[in-house]
Every structure is written in structure tokens, then in C-alpha cells.
There are 2 protein chains.
Amino acid sequence: MAARVTITEVAARAGVSISSVSAALNGRPGVSDRTREKIVALAEELGFVPSVRGRSLAGKRTYAVGLVVHRDPDVLELDPFFGAFIGGIESYIDRYGFALVLQTSSSRDQVLDRYRRLAAGRRVDGVFLNELEVDDARIDVVRELGLPTVGINADADFPLPSVRQDHAEGIRDTVEHLVALGHRDIAFVGGPPHYVHSRQRERAWRESITACGLSPRRVVLGAFTYESGLAAAAQLLAGDERPTAVVCANDLSAMGFIAQAEHLGLSVPRDLSVTGFDGIQLGAYLRPSLTTVQTSPKALGAEAARMLLALLDDVDVADTDIPAASFVVRDSTGPAPR
Amino acid sequence: MAARVTITEVAARAGVSISSVSAALNGRPGVSDRTREKIVALAEELGFVPSVRGRSLAGKRTYAVGLVVHRDPDVLELDPFFGAFIGGIESYIDRYGFALVLQTSSSRDQVLDRYRRLAAGRRVDGVFLNELEVDDARIDVVRELGLPTVGINADADFPLPSVRQDHAEGIRDTVEHLVALGHRDIAFVGGPPHYVHSRQRERAWRESITACGLSPRRVVLGAFTYESGLAAAAQLLAGDERPTAVVCANDLSAMGFIAQAEHLGLSVPRDLSVTGFDGIQLGAYLRPSLTTVQTSPKALGAEAARMLLALLDDVDVADTDIPAASFVVRDSTGPAPR
DNA sequence: TTGAAAGCGCTACCAA
DNA sequence: TTGGTAGCGCTTTCAA
């Protein structure tokens, strides 16, 4: 283990006290410009990097933020959203010397426990809450722990600061696009109803359909997986009177839906139009490429990080909206069959 | 912020010294059983969780391990491997009170810098090195930093401890399966050649082909993406004399390959057999479902974590092999067209 | 403008 | 078997 330069060493070599070094390096007042320059130069030369542990013990910070991801044990594959979301968080926190502590856990109770331990062990200064659920138990936990928290895509009644990206506009555009193409029977494949975003997307679909003078009839709830898209298609396309278009609550289920439709001998978009939501990269390359709503997980992560760090500085933060997710027309939608 | 229970408080309430509390709670000798029990019970009752920062400053540990993931800025979506890999790491480290610090970065230089800073700030006690590259620059960095490190799926000449899952056997099975089905012209779609695992898979394909008395002729190098699978198919299936089977170095490119093949009017597996590698969940549900080699990212993560924590305890660790990735026959392979 | 010193919460050593 | 205490590396008062 390479010997590490500590503040004591920097101070000794600079011939000043460690408090001066601390002040100089942290931009605090109380050191003359000349002394500051000398210290900064020396620290640089020695490759001094303050120990996060010493600093965090003395200060009130750990310089880390946490995210706990809930995955079913059998669905350990993270959804494509995550890479970009995490990348967004880091693109912001990195410049402030923060790190991200990521935990995954397979049961809901364990998730709560993880948040508790992150807080109790003072492992992190704050956390993100994403994939929010209806009456999410994590909310009480973080409040009780006094843990600074930022919610992602929360509902309006969410009691903590949150970042949102509007989804309704994109879904409305999707429905209007389909209606303009002559579709009158537009089904919906949703996600698990305990997720806030599942409900949000279904509501948006429902309202858009109604606004177009149609009635929101056919809904199948899936699991945001490819497999559930297959199943939804099997169900919706079984009878005689099948929809001519289907709005899926995410891209993965739309992919499954299309696959099953084609398996049943239907051609997309000739016999059936299918849309997704998320804007995963794969969607652009599929055949047919997927008409979808492009979300911005990276921007969401960056903005959430900005808010969380502001919270830590006791800055009052207002809920933020990043630019709405935008509708993207590709090849999986076309004129309604007559 | 909820007032936190510290070791001092536990000691005061138990009427013992903090050193006894520390010894009792950490299973160190030097406390009577009765005292230990009393302390443990009280700590439990008070909800005492040792502060990681205090502990890490005093001890030599930070109780965190790090992973830096390199993603191209435009390919921010993590590959499906990651969720399970991270889950595997955590399933192990969690019980020892360790956390995972995850960083993503978009440039290669930045990756090195991240490892340096994780080490310099004493943010982590050790790191994982995955997606190893040929002459990987990270190796020198972690050595120079004296940072305990475990490599994932490294080559035999890797100078640090590593965990491996054999890939060659699965690829050999794949090739033999295709040969048994009558295929004689079996192409390969590889990954970027600077990755160790790209080369490993190509070599395994090459050796298997040769072992079957065929010659490894057609190789197209892709990027492990769906898109590159599309491109590879466009290239390999263009001419008159096209292969009857294609072994792809990962599932995603196999999916792209199949999509493009079908786009060109070929039916899989009737006209063309295609295989993947990884065993992502999607592959089981695709139509046709994907014949592939099932890897075990979760087990790999867990084993890597075990090794890393052993390294931190100065235990000598030998390189480990987890059970080989296994060949899985599904619907994307069939008899060679005559 | 500087430096000395008191912690932060814990571990680990040594003396009782 | 216990408790006292010296750090770990830093931040933050408070005096000089």
C-alpha cells in the first residue's frame, strides 16, 4: 500500500499548521493569499487527496449518496434505464467529490433495511428514491431517519423533494398520432399497478383516449418485461375483435407484444400498430423500429443529484421538472387497417 | 436528523467502558460472556449501529469496495450482465457490512482517474476489474496504488487474483451442436478486439471449429450491440455463398443478427442457425428463442466479492473457477439447409 | 493571519 | 476481565 500523504505531512512540509492547510485547501477564509498559494501548490505536488474518512468523521458529511435498487431475485437484470440514470447522478456528484453507494436487494423488506443501515452507519448523506410505489414504505423510513431524500418521477402528493419528467405529453402525442392514423380501438399494456409510474402512464393513456372521444376499454397489466408483453399480446389478440393499436407502458413489453403479434401471423405495423415508452436504444434498431416516448434518464439522474446535494447544503429546493419526454415516431405504427 | 446512538452512549448505559463495548460487539476476546451478552442486548435495544466513518478511521478499513464501469457516452445502457453481477457482489459483501461504491465513466482516462481517486481518498478498500482489456492500463494503476484487486474473467497471464467462468466449453458445445446438425460453414460475430473476453470467445470458436475439422473462415467483429449484430448480418449474408450458421459472441448481437436475417427474408432457424452468448433473460422469450451459452454473472460477482474480502484479510487467495457457462439449446438453431 | 487544540466515533493497545 | 487512552485524518473553534 503506497504511503499516503496526509494533511499533517503537507503542513509540516509547508511549515504551517494543519488548520491553515485545511482552510487553504477548502477555500475557507483565514489564510493569506500567499500562504494559500504555497499550500495549494505543495499539496498538488505531493499528490495530497484528503481522506474521505477523516474528513467525514470531523465534518458532518460522508460525501456519498445512496441508491437502493429493488429487483426480484429472478429478474436480476437491471432495466436499461439504470445505466444512464446512474451515469447522470455521477456526472453531477463527481465534481463535488461525492460517490454513489449502490445497493440491490431482492425483497421489499430488505430494501427498507438497506436504507436504514445506510443511514444508521452514516454511510451516505442522502438517498434517491426511484421506482416509487403507491404508499411507498420507504418514505416513512427516510423521514424517520431524517435522511435527505430526492424522489424520482413522484406523484404530485409526494411529501419530499422530487424531480419529474412529464410523461403525459408523450403519451398524449402517441394516442393522437394513432388516432390521426385512423385507429379507434387502442388498447393499453400497463405495468404493475403498485408502481406510481405504472399508474401515471395508464392515467395518461386513459385521459388521452377520452380526450380523443374514444373510450379507454382494453387494458392488460403486465410487468414491464418482454415476457409480459408476449402474454399481453396473447391475451389481447386472441378474440375476433382485436384492437388495431396498442400503447405499451414501456419498450420491453412493446417488444414482447410485437414478437407475439408476429408469431400470431400479424404484421406490425400493417395489421397492428404498437408503441412503447422509455426510448431504449434497442428500440431504434428493432425491425420494425419502435415508435415510443423518449425519456431522459441521464438528465433525471443529474437533476436529482443536483437537488440532493443542494438539500445537503440546507438549500431550499423546489421540485423540478426536466423537459418532457418526447414522442418519437418510428416504424411500429402505421395506418389503421380498414 | 434522528439523534444517533454512539458507542459512548452504549457504554455509559451499560456501565462499562467503550473498549469493552467495542470488544463485545466485534467478537473480540477480553470480555466475559455475561458482560458481552449484556452489551449485545443493550446495543440491540438502543438500535446501535457502529458508525462506518469512526470505525474506518480507527481501523484500517473503509468497509467499501469499488467498481468502475466504463461506458461509451452514447451507450449508457448497462449491459444486462450488470444487475446480476452487482447483485452477486452484494449478496456476499452485505453480510460483512461492506458496501459497493459504483462509478461510471465515459472515457478510458477517466476510468483510471476514478480508480486513483477511490484509492487516494481511501474511499474503498479494494476494487473489481471487469471487462478487462488487452494490456489493461488499470492493472498498473491498482498495483501502483497498492489497491487490493480481483479481476473478472481474466486471461491466464493476469497478474492479480481473478475469478473465471469457463467460456470455451460452452462455445465448443455450441459448435459441436451446429456441426451435429449438419452445418459446415459456421461464421463468427465477435466483439471489440481490445477486450480480453472478445478474444477469448473468438479463440474458443476458432479452436472448436478446427477441432471439428472445419476451417474458421468468416469472422466479423462487432461491438456487442444489437446494432452491430444487424450490421454483421448485413455483411455476412450479403453474398451468394452465405454461412448456414453463425456463432455470436453475445446475445444482443445475436438478436440483431437474427432481426437482420429475417429482414433479408431468411427464416431462423430454417435457413440459418444463430447462437448467442451470455444467457440474458430476453433470449428465452424471443421468437425464435435463442440458443446460447448461459453465464452466471451473479455467481461471478459473489465469488469475486469473496476473494476480494479475503484479500483484505491478507488471506492468500488462489484464482478461482466457478462452474463453466453451459450451453443451452433453444429455437434459433436447427438442421443445416441442404 | 496564524496555530493550538478539541473533538468526530471508533479500534487497539496497555495497564490495572 | 476490565478500563483508560492514544491515535486515525480531518474540521472547526478559539487564542495568540
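Just so it is clear, the model here is predicted, and its values are computed rather than measured. Computation of the quantities below employed the complete heavy-atom set of this structure, encompassing side-chain atoms and omitting hydrogens, waters and symmetry-equivalent molecules. Here is the naming used below: chain letters follow the sequence lines, and residue numbers restart at 1 for every chain.
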>> Less than 4.5 Å apart, side chain to side chain, heavy atoms only: is that true for L100(B) and V65(B)?
In response: yes

> Is any NZ, NE, NH1 or NH2 atom of the basic residue among E90(A) and R95(A) found under 4.0 Å from an Asp or Glu carboxylate oxygen of the other?
Replying inline: no

> Parallel, tilted or perpendicular: which fits the ring planes of F85(B) and F82(B), with parallel below 30° and perpendicular above 60°?
Replying inline: perpendicular

> Residues in side-chain hydrogen bond (donor to acceptor under 3.5 Å, both in side chains) with D136(A), at least two apart?
Replying inline: R138(A)

>> For chain A and DNA chain D, what are the first and last nucleotides along the strand, 5' to 3', with at least one atom under 4.0 angstrom from a heavy atom of the protein chain?
In response: dG9(D) to dT12(D)

Dump the pairs, protein N or O against N or O of nucleotides 5-9 of chain C, anything under 3.5 Å, distances to one decimal.
unit_1, atom_1, unit_2, atom_2, d
dC8(C), O2, L57(A), O, 3.2
dC8(C), O2, A58(A), N, 3.1
dG9(C), N2, G54(B), O, 3.0

Pairs under 3.5 angstrom only: tabulate donor-acceptor contacts from the side chains of residues 7-16 of chain B to other protein residues two or more places apart or in another chain.
none

> Looking only at atom types and distance, does a side-chain atom of S51(B) sit under 3.5 Å from a main-chain N or O of R53(B), one as donor and one as acceptor?
Replying inline: yes

>> Whether K60(B) and D125(B) form a salt bridge (side-chain N of Lys/Arg under 4.0 Å from carboxylate O of Asp/Glu) is what I want to check.
In response: no

> Taking R36(B) for the side chain and A24(B) for the main chain, is one N or O donor matched with an acceptor at less than 3.5 Å?
Replying inline: yes

> Within the distance-only criterion (no hydrogens, no angle test), does the side chain of R55(A) pair as donor or acceptor with the backbone N or O of P50(A) below 3.5 angstrom?
Replying inline: no

> Checking all strands, does G121(A) fall into the base, sugar-phosphate, or nothing category for heavy-atom contacts under 4.0 angstrom?
Replying inline: nothing

>> Between P on dT1(C) and NZ on K38(A), what's the gap in Å once rounded to a whole number?
In response: 15 Å

> Given axes from five pairs at either end, by how many degrees does the helix from dT1(C)-dA16(D) to dA16(C)-dT1(D) bend, rounded to 10°?
Replying inline: 50°

> L25(B) has an atom CG; how far is it from atom C1' of dT11(C), in whole Å?
Replying inline: 13 Å

Name each donor-acceptor pair under 3.5 Å that joins a side chain in residues 302-318 of chain B to protein atoms two or more places apart or in another chain, with its distance.
unit_1, atom_1, unit_2, atom_2, d
E303(B), OE1, R306(B), NE, 3.2
E303(B), OE2, R306(B), NE, 3.2
E303(B), OE2, R306(B), NH2, 2.7
E303(B), OE2, T320(B), OG1, 3.2
D313(B), OD1, R61(B), NH2, 2.5

